[in-house]
Amino acid sequence: MQVLVYCSKHFCAEKMHAVTLILLLTLVPLVYSNKYENIPDYALKLEERIEKHGYPVEIHQIITEDGYILGAYRIPHGVKKEEPENRNKSAVLIVHGMGGAPHNFLVLGKERAAPYYFADRGIDVWLFAARASETPFKKHIELDWDKDPEFWAHSFHEIGIYDVAATIDYILNCTGQEKVTLIGHSAGGTEFYVLLADRPEYNQKVKVTIGWGAAPILHRMDYPVMLLGIYLDDFIKFLFSLFARHEVLPGFIADTKSSMIDYYLQRHPLWYNVLKFSLAGIGSHNSILARYDEYNPIIISNIPRMSGRQLLHFLDNVKTGTFKKYDYGPKGNLKRYGQKEPPHYNISAITAPAAFFNSGLDGEISLADVCESIRRLPNPMFLHRIPFHRFTHTDYIFGYNATELVYEPTLQLIRKIDNGVVFPRVKVPSDY
Ligand SMILES: *[C@@H]1O[C@H](CO)[C@@H](O)[C@H](O)[C@H]1NC(C)=O
Ligand SMILES: *[C@@H]1O[C@H](CO)[C@@H](O)[C@H](O)[C@H]1NC(C)=O
Ligand SMILES: *[C@@H]1O[C@H](CO)[C@@H](O)[C@H](O)[C@H]1NC(C)=O
Ligand SMILES: *[C@@H]1O[C@H](CO)[C@@H](O)[C@H](O)[C@H]1NC(C)=O
């Protein structure tokens, strides 16, 4: 019942009964049964979509230390190729969040979506694809993702210390740059904060970390879906233990390539709306999600390829207000970490300059958590508060005005850093 004491500015969780939410998620779609049919481009692969938007794309294959075969998508230049070609471009890696995919960053379309916006302005853009996400390879040198539960035995910890690390090394080697700029949306940020805390030598390879609705501390979250998750975490653990594969969704639902989800999405508007409103449950007022129905299937068709452990690790950090490693239970922890409690990540070791974007209506990453992170990090140098009161957590990627409100100031920041501007330590805002 711990969840019931969480209270937020925007609504009081005390009043939010889990049952009401479940009913809403099930009943609202019944009322709202608009059809999803013949959505153009729904089935396009990521590279096909990028090409259709008129941009060049390269797919790179990367093998991690623990044997996962990942993909990374590169947009080396904008619609127009620069003449003469600049071979010394600033490289930016954009990291998607939990249950996310690089696809999502393209939803705003040409010129307006973040990767295009940056590529058109001379940035060498790389899109990260975590193990088991939408990577075109989704393979392991030994494990079979469809059969071996070990394939799914990872949380954002492994994604950080292996996948993000391998992708950074790959980019540096491929581009000849000394450092890369990291942009993380939501848990994408968590992944690179984990890497920089756990393998501090990677701080030398990072120009700046930019958190879009991301911070190492995640204590004061008030997302309805997350609160529900915290409330039901033991039940969720039990559910996951039933699926041998330990995926959040059983494979036949999660796999967009399977005929099953296509079948449901195309023939059963009800099912489509259940998914859609689950998405709305993670917060979107201003966003394209709310306005442009045709984007929903694209987003939905790319959700959860993710391990259950990722969700549990996240919920545990939120619930305990800490930034610590995965909890294997007292016995498992003793075996793995030599102590009964999972160790905390060393926030003091994240020495790379850290920048934060925050919105007042972001129910996942509150200003309070960003401020606590700023106090505890060695080198926080930038905080941008989005001057639009209805900007929510998913609006960083789906919000129609993200281009002006987020990507433009992000680009200005990247350019200043590339030009050698040194920022002083950022102060915690006085009104907080
Ligand atoms: C590449 O750009 C960086 C700064 O953006 C500069 O420090 C470096 O000297 C440049 N390297 C070459 C080979 O031009
Ligand atoms: C670095 O890149 C070169 C080609 O540019 C490649 O031959 C080499 O294997 C790469 N090294 C690593 C460690 O990826
Ligand atoms: C945490 O990181 C700081 C800075 O690198 C280091 O001085 C300190 O010893 C580390 N603490 C632990 C517990 O590893
Ligand atoms: C959002 O974008 C639209 C279309 O580009 C523009 O008219 C509007 O002024 C923008 N609003 C904000 C708050 O930036």
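Keep in mind it's a predicted model, so treat the numbers as computed, not measured. Atoms within a ligand are numbered from 1 in the order they appear, just like the ligands themselves. Nothing fancy with the numbering, it's 1 onward along the sequence.
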Protein heavy atoms: any of them under 4.0 Å from [atom]?
atom	value
atom 2 (O) of ligand 2	yes
atom 5 (O) of ligand 2	no
atom 10 (C) of ligand 2	yes

Between E82 and R87, is there a salt bridge with N-O shorter than 4.0 Å?
-> no
Does the pair D120/K110 count as a salt bridge with the N-to-O cut at 4.0 Å?
-> no
With a 6.0 Å cut-off on ring centres, are H313 and F156 close enough?
-> yes
Who's the nearest protein heavy-atom neighbour of atom 14 (O) of ligand 2, and how far?
->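 Here the nearest protein heavy atom works out to N173 ND2, 3.2 Å.
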Considering only non-hydrogen protein atoms, determine which one is nearest to atom 13 (C) of ligand 3 and report residue, atom name and distance to 0.1 Å.
->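 Result: N346 ND2, 4.4 Å.
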Measure across R74 and C174 and return the closest heavy-atom pair with its distance rounded to 0.1 Å.
->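 Looking at all heavy atoms of both residues, the shortest contact is NH1-SG, 4.0 Å.
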Any heavy atom of S348 sitting closer than 4.0 Å to ligand 3?
-> yes
Is the cationic atom of R131 (NZ for Lys, CZ for Arg) positioned less than 6.0 Å from the six-membered ring centroid of Y162 and within 45 degrees of its normal?
->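 R131 over Y162 ring: no.
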